[in-house]
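Working notes, structure below.
Chain letters run A, B, ... following the sequence lines, proteins first and then strands; every chain starts at 1. All heavy atoms count here, side chains included; hydrogens, waters and symmetry mates do not.
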Amino acid sequence: MRCQRCRGDASVEVRRHHAAFCDAHFIEFFDRQVERAIEDERMFTRDDRVLVAVSGGKDSLALWDVLRRLGYAATGLYINLGIGEYSAESYRKTAAYAGAHGVELLVADIPHDYGMNVEEFARATRRVSCSACGLSKRYLFNRVAVDHGFTVVATGHNLDDEAAVLFGNLLHWQTEYMARQAPVLPSTHPKLVRKVKPLYRIAEREAAAYAIIRGIDYIVDECPNSVGAKSLLYKEALNLVEKAAPGTKQSLYWGFLERGRPLVTGQDTATLRDCAHCGQPTTTEVCAFCRMTERAAQQMRVRREAGHAAPDQRGGAAGEAIATR
Amino acid sequence: MKVVIRHQRREVEVSGRRRVRDVLVELGVNPESVLVIRGSQLLTHDVHVADDDTIEIRPVVSGGTP
């Protein structure tokens with residue numbers, strides 16, 4: 001297979017574009033897609049300070065790398081979720097990238113700050129792990145951004161992530177969720193920063209290819225808590241269709257943005273106010289994150305009083321100290 | 001050839017020179033959900049892999065909340 005630009009040996013085929021590229025021209029293609037996403041959706045400019053949520057995985061490290069290469073002021077934010085060796089390894093990858101490129105990395109440490117990890121949050125509130133984890137990350141992305149004066153948070157959600165979420169929402173006709181699904185979630189409150197997804201034009205396979213070509217050492221293993229996650233099921237189903245009909249995921253998500261979303265916009269009419277406990281924006285008197293952490297803390301107290309030892313997960317990362325923020 | 005299937009944490013031997021796409025079909029792997037790597041080089045599906053090569057099949061699908 002030949003690179004469509006230079007006719008040299010191709011290394012990545014992009015079937016949805018009927019194209020194949022060598023390493024150098026694939027990076028050019030990737031850069032162009034990201035630049036187009038940022039400009040078309042007016043995500044941010046080179047004058048903005050962008051906080052990039054970095055997990056140590058391929059998508060977020062690829063995002064941080066491409067933004068940095070394209071000349072954006074991108075600071076990383078790593079959240080220690082306290083998921084044992086998985087968190088330790090993901091932090092090592094993130095810190096190694098930051099160190100190698102001399103870029104600023106902020107760290108929010110859930111076990112240190114809340115005395116328990118996201119798995120305990122999940123158990124205490126009878127949520128699935130991914131739900132407690134997602135809630136914690138969304139809360140901390142915004143809080144850290146506000147505390148440090150960032151105006152925009154960028155996450156590594158790619159085309160496959162967005163298509164899978166949309167597919168799940170469609171299966172259950174969750175139109176309120178669909179109204180909130182977009183490459184840019186604007187700030188609708190002084191303490192709510194804009195959230196953007198610059199990789200929404202990039203397929204998951206392309207994000208991984210970018211990371212490998214760029215020599216980025218990312219965590220390949222899956223989060224142990226994601227086993228059985230619905231998002232994986234939806235991605236598997238969409239990839240079966242994509243194999244037979246290249247471009248299906250792009251058609252589903254980009255088509256939704258162009259033609260579907262206008263039909264459901266306006267259904268998300270919630271009014272934001274300050275959380276009575278932490279001051280972060282919320283639709284209820286006390287925000288979901290405070291309710292979750294307070295309930296988990298209460299359960300831990302009850303267990304202690306009943307004589308059960310609290311599980312040793314301070315640090316959460318196999319005893320390894322996570323760097324200071 | 002030796003095939004390292006990263007997400008299944010196993011290695012298999014596939015005998016005979018063949019294209020990447022044929023290796024994936026033989027192993028029942030959806031090519032949309034993986035990349036195939038020889039050394040540090042990504043391979044497209046039409047590339048022939050020799051009997052003495054080692055290739056890695058690396059998953060690209062992440063779950064949960066990115």
Return the [atom1] to [atom2] distance between [X] and [Y], rounded to the nearest 0.5 Å.
X        : Y       : atom1 : atom2 : result
B:Leu35  : A:Lys58 : CG    : NZ    : 9.5 Å
B:Thr44  : A:Arg2  : OG1   : CZ    : 10.0 Å
A:Lys243 : B:Glu32 : NZ    : CD    : 9.0 Å
A:Asp160 : B:Ser33 : CG    : OG    : 10.0 Å

Item to check | Heavy-atom pair count under 4.5 Å with chain B, highest-scoring of A:Leu238, A:Leu233, A:Asn225, A:Asp221 | outcome: A:Asp221
Checklist entry - Do you know which of A:Glu242, A:Glu236, A:Glu13 has the most heavy-atom pairs with chain B at a distance under 4.5 angstrom? => result A:Glu242
Checklist entry - So which heavy atom on B:Ser62 is nearest to which on A:Asp59, and how close? => result OG-OD2, 4.1 Å
Item to check | Where A:Ser11 and B:Leu42 come nearest, the two heavy atoms and their spacing | outcome: O-CB, 3.5 Å
With a 4.5 angstrom heavy-atom cut-off, could you sort out which part of [X] is near chain B: side chain, backbone, both or neither?
X        : answer
A:Asp9   : neither
A:Leu240 : both
A:Phe21  : neither

Checklist entry - Within the side chain of B:Asn30, is there an N or O that forms a donor-acceptor pair under 3.5 Å with the backbone of A:Asn239? => result yes
Next on the checklist: At under 4.5 Å between heavy atoms, what parts of residues 199-210 of chain A are in contact with chain B? List them by residue number.
Outcome noted: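 Listed by number, the contacting residues are A:Glu204, A:Arg205, A:Ala208, A:Ala209.
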Item to check | Of A:Ile213, A:Asp23, A:Ile212, the residue whose pairing with B:Gln41 passes side chain to side chain contact (heavy atoms under 4.5 Å, CB included) | outcome: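 Only match with B:Gln41 under side chain to side chain contact (heavy atoms under 4.5 Å, CB included): A:Asp23.
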Item to check | Greatest number of heavy atom pairs closer than 4.5 Å to chain A - which of B:Val36, B:Val47, B:Val34, B:Ile37 | outcome: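 Ranked by heavy-atom pairs under 4.5 Å with chain A, first place is B:Val34.
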